[in-house]
Amino acid sequence: MQSAVSQQTAANFKTDFYFQREIPENLEFLDALSWNFFWSWNYEAVNLFRELDSKLWEKCEQNPRLFLKKVGGLQLWQKANDSDYVAKLKSFSDKFEKYLAAKPNSFGKITEQNPVAYFCAEYGVHNSLPVYSGGLGILSGDHLKSASDMNVPLVAVGLLYRYGYFRQKIAHDGWQTETYLDSFATELALVPVTNDGGERILIKVRIRGREVFAQAWLAQVGRIKLYLLDTNVENNSEVDRLITGHLYGGDTETRIVQEKILGIGGVRLLRQLDVAPSVYHLNEGHSAFLTLELAREFLHENPEADFAEATARVREQCVFTTHTPVAAGNDTFPLNQIEECFDENYIAALKISKDEFFALGRTKPEDTEEWFGMTPLALRMARSANGVSEKHGAVSRELWLKMFPEITEAAAVPITHITNGVHAPTWIAPTFQELFERYVGADWTAVLKNQTAWQEAIEKIPDAEIWQTHRRLKQLLISFIRLKTFSKETGLHETINEREDTNRLFSPDVLTIGFARRIAAYKRWNLLLTDLERLLKMVNDAEKPVQFVFAGKAHPQDKKAKALLQNLMSLGGNAEWQQRAVFIEDYDQEVARYLVQGVDVWLNVPIRPMEASGTSGQKAAMNGGLNLSILDGWWIEGDNGDNGFSIGAAGDKDDADEAEINAEDAESLYTILETEVVPAYYAKDENGAQTEWIRRMKNALATLTPQFSSDRMLKDYIEQIYLQQT
Ligand SMILES: *Cc1c(COP(=O)(O)O)cnc(C)c1O
């Protein structure tokens, strides 16, 4: 399998194509390490890079390829003569070699010869591979890392966006501005995918009435291969080269052509690589066109078969995960765009009429006005469908009931759920990992698979150790905040994202609440601001104050979200607010790590039931942070009454109006802050220790870490989805 990407050609290509850098012989492993994202979830490896030149490491935004290009010879030779460093490098090199040498496990029909093929429009593996925007990408990145750690045969397919997702700046007036950076494949850890003869593999997909070519890049994620398709190829016209230009940047026409490259191009790439998947996992509907390509292939090989038989065969192989709890959040395309994208020949090869083709993407096949939806297509063509939390499973069954005329009750709709999780070694702070190594064992990630054993081990960690570790991380976050919000030129007004004096900003003794997420209406960024007077009273309490750290991006076209953000930034120039609130620009994985690892409380206030799962709160919990959340998404399953705080009631109030719900939830939020969160945080025992708070932290660490790890999630996917046959 995958002999097409021979190591030899990759090595030759590197010599011709990438910069040459002389690295001292005893440090050569650094180069090998920089080509595999395995380094990114092993803190010893991160340290090996950072230690060389920590300023440069930050300047290169933790991109080891760029870093090795720029790092000075003096730094390299100093380390080459530092026997401690060389020993650490050797030790990690042994670990890495051993990790890669292990033979893949088999899980029933999932074998090295017949792996899972995982398709997603975005991957948040690491910031230095800028092909993600938010939650969906982080989730798929974590899925790959768990697959690597558990040695599951899995091959992933996605797109390489030349300009990635936008970078956020906030202007002096509090308005968000966007810039897109050009990323250069030669500065990323990406290897061109070639055939045995060393020539680049080119995939052909018919788009806009012409053949469009896509090349492929390989990102090595531990043991997992992630292939990224890229239309920035000379043979293509200028506009076609931009198909994979921006992530979620364009209109529906751009989306449809991107999704055709992903779904149809992705299957064609796997064929060229001789990969024969046992299961195709469509992670969100963006890749659903792949089911049509599988049907076309089947009919080509079985000329006597019809589309119904092809569908049956395709369904056996495909499983689908939906992530959106509202109809409007699902991709739909106008029929003329579908028609332009799939010409008569393609439809004829499927042996169906154009109307039958359109009907594949409709909730009601006979409704000729309805646009073509990727979720209906995926639901029809996959044997299994699942939501991403228990609640979201139920919401999805309601939402898609209309597609099953023979079913009268939502409960009978064939959509199940697998609750999302996050990759523990990626999200848990190194200092906490060291603590786990000491008290749980060097193999703490293995113990994590056993809830009881994990819980017992966490209980044994002394309170003082938990508190000290947390406090150090909080101080790290505060330094990060001071650095990020410092500005020499604040214009006429200081806002909460920039100030001229940040030296005394924020205190480690003050209860710190984090709120970072996309600025979308349902996330209710303004709920906290409902009663300003009450909020400021809490924030400025002389004995028990509260401080807030915010981060998040608004969609470039969403003016309402930007206005909301602008309001939060200044609160009309309120000086009290500006002392105790900060906004960190450009929320991404790196910012998220500082926040979830350093705050005391992680706040989430979505409108029920709009949070399909949410995962950022899981990351906070794994670092001893306490969730303060609406009972929605994953938190319904996570809350045990003592490992965080819940706002409002559990049920959805379909009959209540929105203003009423908002008022109730705001009231509940303030009350819980005033009467539960603040008193619990500041409660001290006779020795002055925050015992009550630490007890809750331990409860969160003990109960939530195993339950919401992506290892648990992947195990569920294997047992309940990949290996189920209907
Ligand atoms: C984890 C994460 C998300 C998803 O978190 P939600 O709780 O779903 O908002 C989004 N963006 C980044 C950068 C993350 O790290």
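Atoms within a ligand are numbered from 1 in the order they appear, just like the ligands themselves.
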- Message: Please classify the Ile138 to ligand 1 contact at 4.0 Å (heavy-atom distances, strictly less than): side chain, backbone, both or neither.
- Response: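 For Ile138, the contact with ligand 1 is made by the side chain alone.
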Run the ring-centre check on [X] versus [Y] and record whether the distance is less than 6.0 Å.
{"X": "His246", "Y": "Tyr180", "result": "yes"}
{"X": "Tyr118", "Y": "His143", "result": "yes"}
{"X": "His126", "Y": "Trp39", "result": "yes"}
{"X": "His555", "Y": "Tyr248", "result": "no"}

Should the ring pair [X] and [Y] be called parallel, tilted or perpendicular, given that the plane angle runs from 0 to 90° and is split at 30 and 60?
{"X": "Phe550", "Y": "Phe515", "answer": "perpendicular"}
{"X": "His281", "Y": "Tyr717", "answer": "tilted"}
{"X": "Trp525", "Y": "Phe583", "answer": "tilted"}

- Query: Rounded to the nearest 0.5 Å, what separation is found between the CD1 atom of Ile513 and the CG atom of Leu603?
  - Reply: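 Here the rounded value is 6.5 Å.
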Protein heavy-atom partner closest to [atom] - residue, atom, separation in Å:
{"atom": "atom 11 (N) of ligand 1", "result": "Tyr587 CE2, 3.5 Å"}
{"atom": "atom 6 (P) of ligand 1", "result": "Ser616 OG, 3.5 Å"}
{"atom": "atom 1 (C) of ligand 1", "result": "Lys619 NZ, 1.3 Å"}
{"atom": "atom 10 (C) of ligand 1", "result": "Gly135 N, 3.5 Å"}

Element-labelled atoms of ligand 1 that are located less than 4.0 Å from some non-hydrogen atom of [X]:
{"X": "Gln589", "answer": "13 (C)"}
{"X": "Asp588", "answer": "13 (C)"}
{"X": "Lys523", "answer": "9 (O)"}
{"X": "Arg517", "answer": "7 (O), 9 (O)"}
{"X": "Ala592", "answer": "15 (O)"}

- Message: Using a 3.5 Å cut-off on N or O atoms only, is Trp427 in polar contact with ligand 1?
- Response: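 By distance alone, the answer is no.
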- Any nitrogen or oxygen of Glu611, main chain or side chain, under 3.5 Å from a nitrogen or oxygen of ligand 1?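 By distance alone, the answer is no.
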